[in-house]
Amino acid sequence: MTVAFDTLAAARDLEKAGMDRMQAEAVANVVRAGQGELATKADVDSLREATRADLAAVRSELSALEARLTWRLVIAAGVIVAAVKLIPSP
């Protein structure tokens, strides 16, 4: 969200301070152009909440993945133990 910048008022203030009109207008226009898109506190708060929600979703997915991998390891270990028991000893 862009913050409003009154170039006319800024130029007038610069003129009152002793700057000639062309310079004052140029400075005011440069300041306005340099502002670009500025974030407000509400923008930052909204982004923070969205990031927290995204992180919670990633944590949930990782937890589910961890549970699936744990079960796969348990099954693999059981298969190995069963295979070892089925191999005849010399």
Checklist entry - Would you say Ser60's side chain and Ala56's backbone share a donor-acceptor pair under 3.5 angstrom? => result no
Checklist entry - If you look at every heavy atom in Ala24 and Ala11, which pair is closest and at what distance? => result CB-O, 3.4 Å
Item to check | Straight-line distance of Glu25 CD to Leu14 CG, nearest 0.5 Å | outcome: 10.5 Å
Checklist outcome for this item: d(Asp43 CG, Arg48 CZ) to nearest 0.5 Å is 12.0 Å
Item to check | Spatial distance of atom CG (Asp6) from atom CZ (Arg12) [nearest 0.5 Å] | outcome: 8.0 Å
Next on the checklist: Would you say that Asp20 contacts Glu15 through its side chain, given a criterion of any heavy-atom pair below 4.5 Å between the two side chains?
Outcome noted: no
Checklist entry - Under 4.5 Å between any side-chain heavy atoms of Thr40 and Val44, yes or no? => result no
Item to check | Nearest-0.5 Å distance that lies between atom OG in Ser46 and atom CD in Glu49 | outcome: 8.0 Å
Checklist entry - Rounded to the nearest 0.5 Å, how far apart are CZ of Arg32 and CG of Asn29? => result 5.0 Å
Checklist entry - Under 4.5 Å between any side-chain heavy atoms of Leu62 and Arg59, yes or no? => result no
Checklist entry - Any side-chain heavy-atom pair from Asp54 and Thr51 closer than 4.5 angstrom? => result no
